[in-house]
Engineer: 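So that we are looking at the same thing, I have put the structure below in structure tokens.
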Amino acid sequence: MARILRTEIFSGRLKPGEPMPERLLAEQLGVSRTPVREALFTLQSEGLVELTPNRGATVRMITAQDIVRIYSLRGVLESYAAREAATAREQHHLDALEDAHARLERIGTRGNASEQALADLAFHMLVSEATGNPLLQTIMGQVLAFTVSYRSNYAYPSDRATTVNEQHRAILDALRDADAGRAEELMREHVASSSLYALEHFTDVERVEQA
């Protein structure tokens with residue numbers, strides 16, 4: 001149930017600030033309110049949903065400060081993950097990352113914002129999986145889910161898509177070469193670049209709404 005609602009948020013069909021009434025969601029999904037309530041608590045823990053007394057659940061609004069904080073956290077976690085993955089990865093991890101990178105290149109600017117974001121999510125999650133650290137994978141899943149909920153609001157233009165794919169390729173090459181220091185550095189630079197781009201696309205209207 002959480003997966004279904006998460007997908008609705010990632011796709012943009014459920015937008016920031018939009019109410020998520022338990023009863024209506026249960027009717028639409030053909031289930032009781034209990035699994036819906038449990039799913040909303042899960043999404044709250046991921047930072048995607050806000051639960052307010054007497055108001056119920058809403059898709060969480062994202063602020064510029066949220067973006068700064070989440071990308072700062074990503075920079076720490078993902079650079080660590082890249083370092084660990086460079087020495088822990090096995091061939092099937094590299095094969096999966098090659099497939100994920102190929103998908104990113106196929107989507108390019110042809111995909112919509114949600115498709116681009118989900119393809120990017122898949123690549124980054126595979127890096128964390130390559131560490132062989134289940135706890136890190138869980139934490140990264142929560143952190144990246146929050147990122148995707150915002151990233152799904154805007155599509156990359158051609159030049160940005162090309163830059164991101166080149167950054168991903170360099171990270172993948174470092175993992176293949178088992179170069180832990182290089183992988184860590186490249187991932188940190190990539191996340192910093194993504195952070196700046198995300199902030200550039202935080203519109204003036206959104207800033208005013210969150211003031």
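Computed over heavy atoms, backbone and side chain alike; hydrogens, waters and symmetry mates excluded.
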Engineer: State, to 0.1 Å, how close Ala2 and Leu43 come at their nearest heavy-atom pair, and which atoms those are.
Structural biologist: O-CD2, 3.9 Å

Engineer: Short question: side chain of Thr131, backbone of Val127 - any donor-acceptor pair under 3.5 Å?
Structural biologist: no

Engineer: Does Leu29 form a side chain to side chain contact (heavy atoms under 4.5 Å, CB included) with Met1? I'd like the steps, not just the answer.
Structural biologist: CA-CA 9 Å; Leu29 297 171; Met1 188 60 59; 3.1 Å; yes

Engineer: Nearest 0.5 angstrom please: Leu14 CG to Glu18 CD, how far?
Structural biologist: 5.0 Å

Engineer: Test salt bridge (charged side-chain N to carboxylate O under 4.0 Å, His left out) on Arg182 and Glu185 and set out the steps.
Structural biologist: CA-CA 5 Å; Arg182 183 66 174 157; Glu185 178 185 3; 3.6 Å; yes

Engineer: Rounded to the nearest 0.5 Å, what separation is found between the NE2 atom of His101 and the CG atom of Asn165?
Structural biologist: 5.0 Å

Engineer: Just verifying a value: how many Å separate Leu77 CG and Gln142 CD, rounded to the nearest 0.5 Å?
Structural biologist: 10.5 Å

Engineer: Would you say the side chains of Asp66 and Thr63 form a donor-acceptor pair under 3.5 Å?
Structural biologist: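 There is such a pair (donor and acceptor under 3.5 Å, judged by atom type) between the side chains of Asp66 and Thr63.
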
Engineer: Among pairs that include at least one residue of residues 65-86, which meet ring-ring contact (aromatic ring centres under 6.0 Å, His included), considering only residues two or more places apart or in two chains?
Structural biologist: none

Engineer: Looking at Ala183 and Ala82, what are the two nearest heavy atoms and their distance?
Structural biologist: O-CB, 3.5 Å

Engineer: Which pair of non-hydrogen atoms, one from Leu186 and one from Ala170, has the smallest distance, and what is that distance?
Structural biologist: CD1-O, 3.4 Å

Engineer: Would you say Ile107 and Leu104 make side-chain contact, with heavy atoms under 4.5 Å?
Structural biologist: no

Engineer: Side chains of Leu144 and Glu78: does their closest heavy-atom pair fall under 4.5 Å?
Structural biologist: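 Yes. Closest side-chain heavy atoms under 4.5 Å.
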
Engineer: I'd like to know if the side chain of Arg74 and the backbone of Val191 have a donor-acceptor N/O pair within less than 3.5 Å.
Structural biologist: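 Checking the backbone N and O of Val191 against the side chain of Arg74, no donor-acceptor pair under 3.5 Å is found.
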
Engineer: Take Val59 and Lys15 through the side chain to side chain contact (heavy atoms under 4.5 Å, CB included) test and state the conclusion after the steps.
Structural biologist: CA-CA 6 Å; Val59 180; Lys15 301 185 181 302; over 6 Å; no

Engineer: Would you check if Arg33 and Leu25 make a side-chain contact, meaning some heavy-atom pair closer than 4.5 Å?
Structural biologist: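 Heavy-atom side-chain distance check fails, nothing below 4.5 Å.
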
Engineer: Can you name the nearest heavy-atom pair linking Leu40 to Ala57, along with the distance?
Structural biologist: CD1-CB, 3.8 Å

Engineer: Look at the side-chain heavy atoms of Ile, Leu, Val, Met, Phe, Trp and Tyr, link any pair under 4.5 Å apart, and say whether Val143 and Val76 land in one connected group.
Structural biologist: no

Engineer: Please check if Leu135 and Met125 belong to a single hydrophobic cluster, counting links between Ile, Leu, Val, Met, Phe, Trp and Tyr side chain heavy atoms closer than 4.5 Å.
Structural biologist: yes

Engineer: Minimum heavy-atom separation for Ala180 to Thr87, with atom names?
Structural biologist: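 Heavy atoms only, the tightest pair is CB-CG2, 4.4 Å.
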
Engineer: Do the non-hydrogen side-chain atoms of Glu200 and Tyr197 ever get within less than 4.5 Å of each other?
Structural biologist: yes

Engineer: I'd like to check the side chain to side chain donor-acceptor pair (under 3.5 Å) partners of Ser193; sequence neighbours left out, ordered by chain and number.
Structural biologist: Arg160

Engineer: Check Arg176 with Glu98, please: is the shortest side-chain N to carboxylate O separation under 4.0 Å?
Structural biologist: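 Yes, this pair counts.
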
Engineer: Below 4.0 angstrom, N of the basic side chain to O of the carboxylate: do Arg3 and Glu8 qualify?
Structural biologist: no

Engineer: Given Asp95, which partner from the list Gln91, His93, His92 fulfils the side-chain hydrogen bond (donor to acceptor under 3.5 Å, both in side chains) test?
Structural biologist: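 Going through Gln91, His93, His92 one by one, the side-chain hydrogen bond (donor to acceptor under 3.5 Å, both in side chains) with Asp95 is satisfied by Gln91 alone.
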
Engineer: Establish, from distance only, whether the side-chain atoms of Gln44 and Arg60 form a donor-acceptor pair under 3.5 Å.
Structural biologist: no

Engineer: What residues form a ring pair (Phe, Tyr, Trp, His ring centres under 6.0 Å) with His168, not counting sequence neighbours?
Structural biologist: Phe123, His124, His190

Engineer: Given side chains that start at C-beta, do those of Val49 and Leu51 come closer than 4.5 Å, heavy atoms only?
Structural biologist: yes

Engineer: Decide yes or no for Gln28 and Leu24: does some side-chain heavy atom of the first lie under 4.5 Å from some side-chain heavy atom of the second?
Structural biologist: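 Answer yes - side chains close enough.
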
Engineer: I want to check something: taking the side chain as every heavy atom from C-beta on, are Leu48 and Thr42 in contact at a cut-off of under 4.5 Å?
Structural biologist: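 Counting from C-beta outward, Leu48 and Thr42 never come under 4.5 Å.
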
Engineer: State the CG-CG distance between Leu126 and Leu97, to the nearest 0.5 angstrom.
Structural biologist: 5.0 Å

Engineer: When rounded to the nearest 0.5 angstrom, what distance separates CD in Glu184 from CG in Asp179?
Structural biologist: 10.5 Å

Engineer: Between atom CG of Leu199 and atom CD of Gln65, what is the distance when rounded to the nearest 0.5 Å?
Structural biologist: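 Interatomic distance, Leu199 CG to Gln65 CD, rounded to 0.5 Å: 11.5 Å.
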
Engineer: Should the pair Arg169-Asp173 be classified as a salt bridge under the 4.0 Å nitrogen-to-oxygen rule?
Structural biologist: yes

Engineer: So which atom in Ser128 and which in Gln137 form the shortest heavy-atom distance, rounded to 0.1 Å?
Structural biologist: O-CG, 3.6 Å

Engineer: Are any non-hydrogen side-chain atoms of Ile67 and Thr147 less than 4.5 angstrom apart?
Structural biologist: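 Side chain of Ile67 against side chain of Thr147, heavy atoms only: no contact under 4.5 Å found.
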
